[in-house]
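Counting begins at 1 with the first residue of the sequence.
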Amino acid sequence: MGVEISPREAEVLELVGSHLSNAEIAAQLCISVRTVESHVSSLLRKLEVPDRRALARRSPEPAGAAAPRPAPALPAPLTSFVGRVNERAELGEMIRAHRQVTAVGPGGVGKTRLVLAVAAEAAGDYSDGVWFVDLVPVADPDLIATAVAGAVGLGEQPGRDMTESVVAALADRHALLVLDNCEHVVDGVAPLLERLLAGCPRVTVLATSRARLMVPFERVYPVPPLSMPADGESDAVALFMDRAAAVGRSPDPALRERIASICERLDGMALAIELAAARYPTLGLDGITAALSHPLRMLTGGSRADERHRSVRGVLDWSHALLEPADRALLRQVSVFVAPFTAVAAAEVAGGEEGIVAEGLARLAEQSLLVVTASRGRTEYRALETIRQYGMERLSEAGELAGTRSRHIGWCLARAAELAVAREDWRAGFDAVADDLRAALAWAADRPEQRTVAYRLARCLAELTFTRHLIGESQRRYEQAAALAGDATAGASMLRHAAAVAGCRMNGEDMYRLHRAAADAAHRTGDTIGAARDLATAAACAYRFSGKFVRNPQRDEVIALIGQARDLAGDDPAAQAAVALAEAGRALTEIGAAQDLDDDAVPVAIARAGRAVELAHRTGDPLTESAALDTLTCAQSWAGDTFAAAGTARRRITLLSSAPDTPAGTHELIEALSEAAEAGLGTGDLRGARRWARRLADHPLLAEVGHRATGWLLVAGALAGEVEETLTGGVRFLDGWQRAGGPARSVLGPPAAAVATIHGLRDDHDAWRDWSEVLMRLDPSPRNTRGYGAVFDAMLLLHRGQAPDALERLAPETGQVWQWVTWIWHHWYVALRAEAAVLAGSPDARDRVAEARTVVAGNPVAGAIVKRAEALLDGDREALLAAADAFDAAGCRYQSARTLVLAGGDHAVRGAAAFDALGLAPMAPDPADRWEIEGGPVTGCP
């Protein structure tokens, strides 16, 4: 019997198989993250798989086809779950009653299998699904949130760490989160759980650990050994018989008492029973009894839990002793792998021939010492954590730890090198080896003799995690590489990369700190030029990216950095360019902070920015030049030279097309795309604005921050009249903003105003009110109330026929609000103000139109608005229709339809039909009843 997978679910499944996060899938399919989550939950239920990793293995299924129902896929899928009826019921009841339950017990008691069975039974109780996170591969407590995010399908949100991203994403989820094997990273698990439980009221956590986690609200469930009653059914005996039958020989039911005796010797420990049962076909019960008698007789003293743990150790010792020497060596050598591995990988680490190693792995699997899984056309092996830890102990005892670890590190470096040039299945390839790379680095970083290789690993991981968009980890790895570097020069380079990643994370404080740290490192090597560049860059960051700081550095401190940099720069072109950039940034910042603007301030800023561009160009470094062009763009916009600013912004994009694909290059490109979109809006190039904004919205680094990614696309779409695009993008914007914790950031105000306006034009009053509230939460500053907010309000008021109110909203002269309308909004403000004056019958309307015509010259959209106002003033229908054509040519569908309605007659019918096609409400009141076109000039409101 098959299950039906919808075409959309098939698309989602394919992208899950490509290891995309939910937000990245949403961006690619142009649907909301919440919709993706719904599809993923549906697929988990339909395909009966427990987690995202298992779901990814199902991705090759034909799109839209009926998929066969697989057996439930568990972390160890090849054996059935036996017994534990009472335990399942008790633990299931506990997770229904409590939000955090920890199943505790010694290694080998069966915690993981029990928890997975309970989670599978409870899955239907959680509308947003059950997520399983195996923490065995996690060597660093700081990466717990990363592991959870990977299982849930989340990426990091720039501007917040991974823990904040996870908590924000799960804040309104109704889900069960299973954390397996917490004991070795409890220092990372505990703080994550505290924040999850506090911030996600409908998330329940079921954890396994050898000891309690000591977190608030924790309820502990001690997992007992398998039942061994004197009469009646015994789970322990049932497990032995099941596993013995699985390896080829079913015990006679008449032997149940003798099997019960063996299970009693093994204290009902599930792992010990499975290992013993695996030997039944070759040893029989007599052989097993004899072999177990000697080591188990030595177990005396200690608590019962400790004794049970030692009983597992005894069986492991016994199982190990029965292996051939080559298989013993192989078991301990492959124990260095923390993630599933292939025979090829095992051969590299064990130093043997692939065929011989593959045979050895098969024998270990037959003895239940390894678990075998098939994944994407290849066979993988893994050891249960208890067995892996035992193998590591044996590896150390044999004196082979250093040699095997070194070969494992070599294997990791080789895989990292392959990934650096890989083009296909990159994500899957990285995800398959990432945990081993991290584990190898954790081991090497603590050993002085491994410092060089640890540096190489840290640098590789920094580069790879950045490409994987794990940018929080990337920054940490670059900083770790800096600490491990053999010389301060390499360390300074790593710190500069870390600073660039911090910029991508929107963390201004870290950018500033890391550039200063790089300067200190450069000083230690006598590299005064490098130190000058780093000090100047730190100062420039404080100016260029002030919005990325929670608390900006003190003004005097930054000025002092510029002075130090200038003293060290000498005549080096790169250092001089960096100093010039910082000085230009200072000049611009002082303009923005000025109450009464000095007439010379803007020309000075432009001159300094131009000098910075000139010096940067001489360096031949596109990133240095891009930073200088950014500052020049801002200076030109302050001067009111909108078209020059737009040209500089476009020049920056062209320059970055050849820039390296590095953290610094990525950071510059994201900033440049945003600036280019703004430039298009300011000059009336709506098609260009939408093109750059689309590239920004599609950038994978912004997949988890839909509010930042879609912002300028929403503004451009709303101004162009792209209603459906704006409404759809608004869903992603709002979802991203809410998941980010609802930050109040003025840069997010224009998108909210844009979406609110579209809802207002649709006469959707409730949605308009909701988005207006969002807008005021985002930006209650004059930038909104006197700048872009006035522009959008005027558009809506004019659509509603409230021209006097629109004129009142735009009443301040542009000189009074220059700080808030400069750059993007100046032409829109002036043009709409002129039209409002005409439609409101203002006595100075003609003067307003004449003034506006001069200001907006060259702007196709603002120019058409002014032409429309003049046509209305003159009663010139032909001029109105020419304005409508101009709007069409500029890609401004809304204003074109509005112009047709204003033209009256049959044109008004066409305009009304265009409004209807756009999904907008009719203009009110009907202008055809108010204006005389071609019969005389506009006379004002009736």
Side-chain angles (χ1 to χ4, degrees), residues 684 719-721 757 761 790-811 814 827-857 859-890 892-915 918 920-942:
L719 291 174
T757 299
L761 294 174
V791 169
F792 280 111
D793 284 351
M795 283 180 58
L796 182 56
L797 290 167
L798 288 172
H799 184 86
R800 291 174 174 171
Q802 298 172 268
D805 293 331
L807 183 59
E808 178 64 26
R809 189 72 178 85
L810 300 171
T814 53
H827 290 180
W828 292 92
Y829 190 95
V830 170
L832 289 170
R833 192 163 181 257
E835 181 171 336
V838 170
L839 294 176
S842 176
D844 62 351
R846 194 168 294 279
D847 292 337
R848 294 290 184 191
V849 169
E851 177 188 7
R853 188 189 309 115
T854 301
V855 171
V856 306
N859 184 318
V861 177
I865 293 175
V866 175
K867 288 179 182 178
R868 181 174 63 198
E870 187 171 18
L872 289 170
L873 195 60
D874 295 337
D876 187 344
R877 176 170 284 160
E878 289 302 319
L880 274 178
L881 297 178
D885 291 340
F887 285 124
D888 284 331
C892 197
R893 298 166 67 192
Y894 167 74
Q895 296 293 353
S896 174
R898 172 174 165 75
T899 307
L900 292 175
V901 173
L902 288 170
D906 292 341
H907 306 293
V909 175
R910 288 169 50 210
F915 275 138
L918 289 172
L920 299 178
M923 288 169 55
D926 183 1
D929 295 335
R930 302 172 55 224
W931 314 114
E932 287 187 25
I933 303 298
E934 293 184 339
V938 170
T939 58
C941 291

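Shown here for Ala831 and Ile865, the closest heavy-atom pair between the two residues is O-CG2, 3.6 Å. Of all non-hydrogen atoms in Gly684 and Pro860, the two that sit nearest each other are O-CG, 3.4 Å. For the residue pair Leu807 and Ser842, the shortest heavy atom distance occurs at CD2-CB, 4.1 Å. Contact between Leu796 and Thr757 at its shortest, heavy atoms only, is CD1-O, 4.3 Å.
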Validation: residues 899-914 side-chain donor-acceptor distances under 3.5 Å, sequence neighbours left out:
| from | atom 1 | to | atom 2 | distance (Å) |
| --- | --- | --- | --- | --- |
| Thr899 | OG1 | Arg868 | NH1 | 2.9 |
| Thr899 | OG1 | Gln895 | O | 2.6 |
| His907 | ND1 | Arg910 | NH1 | 3.3 |

Enumerate, atom names and distances included, each donor-acceptor pair closer than 3.5 Å involving a side-chain atom of residues 881-890, sequence neighbours excluded.
| from | atom 1 | to | atom 2 | distance (Å) |
| --- | --- | --- | --- | --- |
| Asp888 | OD1 | Ser896 | OG | 2.8 |
| Asp888 | OD2 | Ser896 | OG | 3.3 |

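To the nearest 0.5 angstrom, Leu761 atom CG is 9.5 Å from Arg898 atom CZ. Expressed to the nearest 0.5 Å, how far NE2 of His827 lies from OG1 of Thr814 amounts to 10.5 Å. A distance of 14.5 Å separates CZ in Arg893 from CG in Leu719, rounded to the nearest 0.5 Å.
With sequence neighbours excluded, the residues that form a side-chain contact (heavy atoms from CB on, under 4.5 Å) with Ala794 are Ala806, Leu810. Annotation: ring pair (Phe, Tyr, Trp, His ring centres under 6.0 Å) contacts of Tyr894 (sequence neighbours excluded): His799, Phe915. In this structure Arg848 satisfies the side-chain hydrogen bond (donor to acceptor under 3.5 Å, both in side chains) test together with Glu813, Asp844, sequence neighbours excluded. Evaluation of the salt bridge (Lys or Arg N to Asp or Glu O under 4.0 Å) rule for Asp805 yields no partner, not counting sequence neighbours.
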* Test log, rule side-chain contact (heavy atoms from CB on, under 4.5 Å), inputs Glu835 and Val866 -> CA-CA 7 Å; Glu835 181 171 336; Val866 175; over 6 Å; no
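Here the side chains of Met795 and Leu832 are in contact, with some heavy-atom distance below 4.5 Å.
For Asp874 (side chain) and Asp876 (main-chain N/O), no donor-acceptor pair under 3.5 Å exists by modelled atom type.
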